[in-house]
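Working notes for the structure below.
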Amino acid sequence: MSDWKKIAPLEDIPRQGSRVVEVEDGSIAVFRTGDDQVFAVRDACPHQQGPLSQGIVAGHTVTCPLHNWKINLESGEALAPDDGCTNTYAAKVEDGMVYIQL
Amino acid sequence: MKERLVLVGNGMAGVRTLEELLKLAPEEYDISVFGAEPYPNYNRIMLSPVLAGEKTIDDIILNDRAWYEENGVTLYTGDPVVEIDRVKRKVVAESGLEISYDRLLLATGSNPFIIPVPGSDLPGVIGFRDIADVNAMLEAARTGRKAVVIGGGLLGLEAANGLQRNGMDVTVVHLMDILMERQLDKPAAEMLKKSLEEKGLKFLMETQTVEVLGEDHVTGLRFANDAQGNASVAGGRMPGATGEEIEADLVVMAVGIRPSIGLAQKAGLHCDRGVVVDDTMQTFDPRIYAVGECVQHRDQCYGLVAPLFEQARVAANHLAKMGIARYEGSVTSTKLKVTGIDLFSAGEFNEEEGDETLILQDPAQNVYKKLVVKDNRIKGAVMFGDTMDGTWYFQLLREGTDISGFRSTILFGQHDLGDAGHGDEIRVAALSDDAEICGCNGVTKGDIVNAIQTKGLFTLDDVRAHTKASASCGSCTGLVEAILSSTVGEGYDAKPSKKPVCGCTGHSHDDVIAAIAEHELKDMPAVFEHLEWKTPDGCATCRPALNYYLLARWPEEYKDDAQSRFINERAHGNIQKDGTYSVVPRMFGGLCTPSDLRAIADVCDKYDVPEMKVTGGQRIDLFGVKKEDLPPMWKDLADAGFVSGHAYGKAMRTVKTCAGKTWCRFGTQNSTGLGVKLEELTWGSWMPHKFKLAVSGCPRNCAEATIKDFGVVCVESGYELHIGGNGGIKVRVTDLLCKVDTEEQVLEYCGAFTQMYREEAHYLERTAPWVERVGLSYIKKRILEDEAGRKALSERFRVGQEVAQVDPWKARAEGEAAHEFAPLKITA
Ligand SMILES: Cc1cc2nc3c(=O)[nH]c(=O)nc-3n(C[C@H](O)[C@H](O)[C@H](O)COP(=O)(O)OP(=O)(O)OC[C@H]3O[C@@H](n4cnc5c(N)ncnc54)[C@H](O)[C@@H]3O)c2cc1C
Ligand code: HEM
Ligand code: SF4
Ligand code: SF4
Ligand code: FES
C-alpha cells in the first residue's frame, strides 16, 4: 500500500532545484519549483535515463542535462515534440516538511 | 462567452496565424474560417512540383479537416465572404451565411494579374495560383499541344517547366530583355535561359502581347508590331511564330500578382496597393487584423511565405492579447524550384555607385557567383549553378557580418573556411537520403526531408524541434537550412536578423546586454520585469545566459544563481554519460612537481578512480567519480595545493605551453613562465563560452597557439598576440592582433581582450564567431588604437577577478552547497 513518507524540511531543497531520494529500486528526484511547490519524479529521463535531478527547473518543467528534453513535473511527460514519460509520485508540503507517497 | 474570431481566407498566412494563436492562447476564441477554395489549407508553394508531376495534391495538404476539428475551428470551404459589415460586426458569405465577430482576420492573399488586352477572358487563358489552375493546366496538357506562358519571372518559369514536363511545347513570352529581372542580374539570367533552352523551353524576349486570339477558346496570341528583336531562339524566329502571331492551346498569365483587397475596400477599410497595416498587423479598424499577401506594411507588399510567417507570428501575439510583438519588415531571398537548376539571389544584387563587386565565373562548369559588397558587408548575392553557399551568404547579409577576415576566399564558399565536420564535396541536392547531416544526433537527409514534407515544416526551429538536426552543436545549421530551402524552395523562413535569446522573449542578446548595463538591472527578476519576459522564471536557455550577463556586468554586486547554471557548473565537474563526474585539477601552465603527481595519484587510489588521462590542454583528467565523493576528493586536492581546473565550465580553461627558452634550443622567450603568469591572471574567470590560451616559445609553435582564443607566439624581439582561434567542430586559425615587447604588455592586452569578449559577446558564442561577427578591425580599434580604453578594460578584468578567483572546490569541501552532493533520506 502506498504511504506518505517524510523526507526533509522544504528549506533543504533549493528553490528551482532538487534533491535526490534513494529508494530500493533507484532514485527519486524531488523538485521545488519557483513558486514553492514540490514534485517527485523518477530520476531518469525517458530519453536515455539522464539524471533529471541535475537539470534546470523553470516553471513546472525540468530540462534534462544530457540532451535537453523538457519534462513536465506534474505529469512526468516529455513536452512536444519529444515523446515519453517518467514515473511521478505524489508529493506535498505540510508544516514545512516535504512528504512523498511511495 | 468566448469572443469570436473570424478568419477570411483559408490560406497559408491565415492558417499559420491560427496555429501560432492556438499555441499561445488555445481557449481565447471561438474560431470560424471562410475559404473560397474547396480545400483545407494546402502548401501553395508546392503547386509547381504538383504541376511537374513530382507531388500529388494529397502530399501538399498542410492542415487536413481533422486538424480544424481537433482545434475546435469551424471551417467553411468553397464559400467566399462577400461582405464585411463593420458596424454590426459580421461577415456575409456567398451562401448567405452570416457570422458575427469580435475580431476579424483578413488573409485573402492575392490574385494573378491578367493583362487587360482583348480576348484575355477567353477560356484557356488562366493564371497560376491555386489547385483549380493546376487542374486546368493538367487538363489542357492532355488535349492540347502548344502552351504559351506570359511572364518570365519565378512563377512563369515554374509553370513553363511544369507544362513542358507534361509533354507540352512551351514558349515563354517576356517583356524585358532578361529573365527574372527582379531576382537576377544579366549574366545569371543568360545562364538560366541557356539551361532552360537546353531543357527544351523556347523564349520570346522583349515581346509585348497585344491580343489574345480565338473565338470560343484561345487559339493564339498577337504581339506588338514594334517589339524589337522578338525572337531570341538561336538562329532567329521560332517556328509557330508567324511574325506577330503565335499559336496556343493554353495561355498562362504569370505577369505578377495583385493583393486581393476588393472585400476590404468594399467595407471601407483603408487600402492602398494592399490593406494597410501597422507594425502590429492591425488595419485602420482596430478590430480587424490582416496578414499575408493582401497587406501593405510600411509601403511593402510581400509575395513569399517567409515574411508572411513573421507577420503571422506578430498578429497571433496581438490576437492572443500579449501585445508585445512587432513586425518590422523582412529581407527576402529567392530560389527557383525547377529540378536540375540551381539559382539563388538575395538583397540588392545590382551594384550602385560606391559598391564593390566580387565575381566568380566558370562558364565551363556553368557556375556564376556574384556578391555586392559595401564597407566589407554583403548587400546582395546572385548565384547560378552552385548555390550551396546561398544560405550562408544570406546569413552574412542579414547579420551585417564584417567579411574582411575571409573576403579573399569568400566566393569559394563556407567549406573553404575549414569545416572539419563536412568535407568540401557536400552539395545538399546531390546527397543521398541516407547521408548523415547532423553528426551529433545522427539525423540523415532523408529524415529531414521527410519531416519537412509530412509535418509541413518551414523554419529552422521547426526542423530542430522535430528532428533534433542542428539542435546540438549547430555546425550543420547551414546544411539544414540548405535542405530546407531546396525542399520548400524559397518558402523557408530564415532566421530573423535579430534573433531572440529564446522563446521567453522577443529581445536579442545585444538588447539584453545593453539593458542590463543602461538600466542597472542587477538581478534576474529585474531583467524579467524590465524586458517583459513572457515566462515567470525563464527557461533552460535564457537563465544561464542572464546569469552570465549579470555576473559579467556586476561582478561585485550580483549574486551568482546556482539554479540557473548547467549541472557541470553547479557541481564543478563534467557530468559524463553515466551520471558520474570527471575532475581536472588546475596545473598552472601545465607545470607540475613530483609531489603534485603523487598527491593526484593518492587521491585516485583513495576514491577508486577508474581511469586517468592527460587532456589536450596538458592537464590530468580523473574520470568516473561519484557525485557524493566530489567534496571529500576536492578537500584532499585542495590540501595538496590544487584549485579547480574549471574544465567543466563556460570559463577560462587552460594555458598550454611549450618547453620554451629554458630547455628548447629554438626557444626565444620563457614560454612556460609567461604561461604561468597568464594562467594566474585569468583563472577562475567566467566567460560566454570556454576560453583557452597557449604560449609557444618560437614560431615553430609547439603549443598550437594559433588555434586558441588567445595565443602568444614568442619571437626574438617580443611577443605576437593572436586571437579568435579554436579547434573543435570547425577549426579556425587565429588572427594576428599585434606584436608587443614585454610580458607586462602581454598581460595587459590579454586582460583587455578577454574583458572585451566577456562584455560584448553573446552567451555561448566563442571568440571565433564573435571576432567574425564584429570584425577584426573593430577589435583592433578598441584594443590597439584606444590606449585609455584598453587600460580601462584590463582594469575592469582585474577587478572582476578579485571576486572570481575563489576556489569553488575548496569552498564546497568546506561545506558550501552541501545539499548539491548528498542524497536525502526517508526519515519516517
Ligand atoms: C505556383 C506558386 C509557387 C510559389 N512558390 C513560392 C515559393 O517557392 N516560395 C515562396 O515563399 N512563395 C511562393 N509562392 C507564394 C506563396 O504561395 C504565397 O506568398 C502565399 O501562399 C501567400 O499566402 P496568403 O495566405 O497571403 O495567401 P493564399 O495562400 O493565397 O491564401 C488566401 C486564400 O484566401 C482565399 N480567399 C480570398 N478571398 C476570399 C474571400 N473573400 N473569402 C474567403 N476566402 C478568400 C483564397 O482563395 C486563398 O485560398 C508561390 C505561389 C504560387 C502560386
Ligand atoms: C495607459 C494607457 C493605455 C494602455 C496601457 C493601453 C494598453 C492596451 C493594450 C495592452 C491593448 C491590447 C493590444 C493588443 O494585444 O493588440 C490595447 C489595445 C487598444 N488600445 Fe490601448 N492602451 C492605452 C491607452 C489607449 C488610448 C488612450 C486609446 C485610444 C484613444 C487606446 C486605443 C486602443 C485600441 C483602439 C486598441 C485595440 C483594441 C482591440 O484591438 O480590440 N488605448 N491597449
Ligand atoms: S615552440 Fe619553439 S620554443 Fe617552444 S618547444 Fe617548440 S620549437 Fe621549442
Ligand atoms: S571530441 Fe570531445 S565531445 Fe567528442 S567524444 Fe571526444 S571528448 Fe566527447
Ligand atoms: S537522457 Fe534526458 S534528454 Fe537524453
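Computed from a predicted structure; not experimentally measured. Here is the naming used below: chain letters follow the sequence lines, and residue numbers restart at 1 for every chain.
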Fill in: Within 6.0 angstrom of A/Asn87 CG, more than 12 heavy atoms from elsewhere
yes

Fill in: Closest non-hydrogen atom pair, A/Ala58 against B/Cys539
CB-CA, 3.7 Å

Worksheet item: What part of A/Val21 gets closer than 4.5 Å to chain B, counting heavy atoms only: side chain, backbone, both or neither?
Response: both

Discussion item. Taking atom CG as the centre, does A/Asp95 end up with more than 12 heavy-atom neighbours from other residues, nucleotides or ligands that are less than 6.0 angstrom away?
Written reply: no

Worksheet item: Below 4.5 Å, heavy atoms only, C-beta onward: do B/Ile575 and A/Pro51 meet side chain to side chain?
Response: yes

Worksheet item: How close do A/Gln16 and B/Gln563 get, heavy atom to heavy atom, and via which atoms?
Response: O-NE2, 3.0 Å

Worksheet item: Hey, which of A/Ser53, A/Gly59, A/Gly34 has the most heavy atom pairs under 4.5 Å with chain B?
Response: A/Gly59

Worksheet entry | A/Glu94: partners by side-chain hydrogen bond (donor to acceptor under 3.5 Å, both in side chains), with sequence neighbours left out | A/Lys92

Item to complete: State whether the number of non-hydrogen atoms from other residues, nucleotides or ligands found under 6.0 Å of A/Glu74 atom CD is greater than 12.
Response: yes

Worksheet, complete the sentence: The interface call for B/Arg565 against chain A, heavy-atom contacts under 4.5 Å, is backbone

Discussion item. For the CD atom of A/Gln54 and the CG atom of B/Asn568, what is their distance to the nearest 0.5 Å?
Written reply: 10.0 Å

Worksheet item: Can you tell me how far CZ of B/Phe566 sits from OG1 of A/Thr63, rounded to the nearest 0.5 angstrom?
Response: 8.5 Å

Worksheet, complete the sentence: Taken to the nearest 0.5 Å, the spacing of B/Asp537 CG from A/Ile56 CD1 works out to 11.5 Å

Worksheet entry | Most chain B-contacting option - heavy-atom pairs closer than 4.5 Å, from A/Met97, A/Lys70, A/Glu22 | A/Glu22

Worksheet item: A/Asp82, A/Asp35, A/Thr61, A/Val30: which one forms the most heavy-atom pairs within less than 4.5 Å of chain B?
Response: A/Asp82

Worksheet item: Rounded to the nearest 0.5 Å, how far does CD1 of B/Ile567 lie from CG of A/Leu66?
Response: 10.5 Å

